[in-house]
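Index from 1, following the sequence. Worth saying up front: this structure is predicted, and the values here are computed from it rather than measured.
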Amino acid sequence: MTKKYTYIILFLFSLFGCKPSGNRIDISQEVGCIYGQSSCQLSTQFGEISLGFNTKFLVAETPFEMHILALPNELTVTSAHMAGEDMYMGKIPLFFKQVSDGGWAAHTMFGSCAQAQMTWRVWLTLESAIGETQTVSFTVQSFQSFNAIPEDLL
């Protein structure tokens with residue numbers, strides 16, 4: 001009988017131990033174009049979209065958020081990833097979530113690299129409500145560490 005109560009109590013504790021995920025993305029932060037970003041606006045067959053980040057520089061092994069702003073409401077981000085331009089680092093998937101009307105965001109980071117500075121290409125596949133798709137891309141630069149950022153940029 002006590003074994004039965006022990007399992008019930010453990011089950012109840014496991015239910016109360018659950019809490020919402022801390023991976024919430026807050027679009028109220030200041031978002032903007034960053035150093036080394038090839039484009040802050042992309043022309044698509046669906047219209048212009050704005051791209052921004054929640055930081056001034058991208059540093060390896062430091063989380064950051066990428067934002068797509070002013071995406072027409074009928075569009076969705078169906079897939080996205082980053083890949084190294086200077087060196088093969090594999091594909092880093094990006095998981096965009098809609099955070100407002102026309103606003104999408106993804107939380108991610110780069111792995112460490114032997115180069116002090118590296119260029120990445122970001123690929124976004126957009127889909128309209130009627131199934132039309134277009135893939136667009138832009139490049140960004142990352143730094144190996146905060147010490148690798150040239151002083152004249154700080």
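- Residues Phe138 and Leu124 form a side-chain contact, since some pair of their non-hydrogen atoms from C-beta on lies under 4.5 Å apart.
- In the hydrophobic cluster analysis, where Ile, Leu, Val, Met, Phe, Trp and Tyr join through side-chain heavy atoms closer than 4.5 angstrom, Leu51 is grouped together with Val122.
- A distance of 7.0 Å separates CD of Gln144 from SG of Cys113, quoted to the nearest 0.5 Å.
- Rounding to the nearest 0.5 angstrom, the gap separating the SG atom in Cys40 from the CD1 atom in Ile49 is 12.0 Å.
- Of all non-hydrogen atoms in Gln98 and Asp101, the two that sit nearest each other are NE2-CA, 4.3 Å.
- Looking at residues two or more places apart in sequence or on another chain, you find a side chain to side chain donor-acceptor pair (under 3.5 Å) between Ser79 and Thr125.
- Nearest heavy-atom pair across Ser137 and Leu42 is O-CD2, 3.7 Å.
- For Glu132, the side chain to side chain contact (heavy atoms under 4.5 Å, CB included) partners two or more places apart in sequence, or in a different chain, are Gln45, Phe46, Ser128, Ile130.
- Under the 4.5 Å side-chain criterion, counting only non-hydrogen atoms from C-beta, Trp104 is not in contact with Val99.
- Heavy-atom minimum distance, Ser112 versus Met89: O-CE, 3.4 Å.
- Using a 4.5 Å heavy-atom cutoff, the side chains of Glu127 and Leu75 are not in contact.
- His107 is not listed as a side-chain neighbour of Met66, based on a closest heavy-atom distance of 4.5 Å or more.
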Query - Full working for side-chain contact (heavy atoms from CB on, under 4.5 Å) between Met109 and Thr62 - result: CA-CA 6 Å; Met109 74 174 146; Thr62 303; 6.0 Å; no
Query raised in the report: Taking it one step at a time, do Ser142 and Trp120 satisfy side chain to side chain donor-acceptor pair (under 3.5 Å)?
Result: CA-CA 8 Å; Ser142 70; Trp120 296 83; 2.9 Å; yes
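- Val59 and Phe64 are members of different hydrophobic clusters when ILVMFWY side chains are connected at heavy-atom separations under 4.5 Å.
- Of the inter-residue distances, the one linking Lys91 atom NZ with His81 atom NE2 reads 4.0 Å to the nearest 0.5 angstrom.
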Report task. Report the C-alpha separation of Val31 and His67 in whole Å, then their side-chain angles, then the decisive distance to 0.1 Å, and conclude whether the side-chain contact (heavy atoms from CB on, under 4.5 Å) test is met. Result -> CA-CA 7 Å; Val31 174; His67 294 262; 3.6 Å; yes
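- Checked against side chain to side chain contact (heavy atoms under 4.5 Å, CB included), Thr139 has the following partners two or more places apart in sequence or in another chain: Ser38, Glu85, Thr119, Arg121.
- Linking ILVMFWY residues whenever their side-chain heavy atoms come closer than 4.5 Å, directly or via other members, leaves Met118 and Ile149 in distinct clusters.
- Met87 and Leu58 fall within the same hydrophobic cluster, defined by Ile, Leu, Val, Met, Phe, Trp and Tyr side-chain heavy atoms under 4.5 Å apart, directly or through other members.
- A donor-acceptor pair is defined here as one N or O able to donate and one able to accept, closer than 3.5 Å; no such pair exists between the side chain of Thr76 and the backbone of Thr78.
- Scanning for side chain to side chain donor-acceptor pair (under 3.5 Å) contacts around Thr133 gives an empty result, with sequence neighbours left out.
- By the side chain to side chain donor-acceptor pair (under 3.5 Å) test, Gln117 is found to be paired with Gln141, residues two or more places apart in sequence or in another chain being considered.
- Between Phe57 and Phe146, a ring centre-to-centre spacing not shorter than 6.0 Å is recorded.
- For Asn54 (side chain) and Glu65 (main-chain N/O), a donor-acceptor pair under 3.5 Å exists by modelled atom type.
- Within the structure, salt bridge (Lys or Arg N to Asp or Glu O under 4.0 Å) contacts touching residues 103-112 (residues at least two apart or in different chains) do not occur.
- Between Ala60 and Gly111, the shortest heavy-atom distance links the atoms CB-O, 3.5 Å.
- Side-chain heavy atoms closer than 4.5 Å link hydrophobic residues (I, L, V, M, F, W, Y) into clusters, and following such links, even through other members, never connects Ile92 to Phe143.
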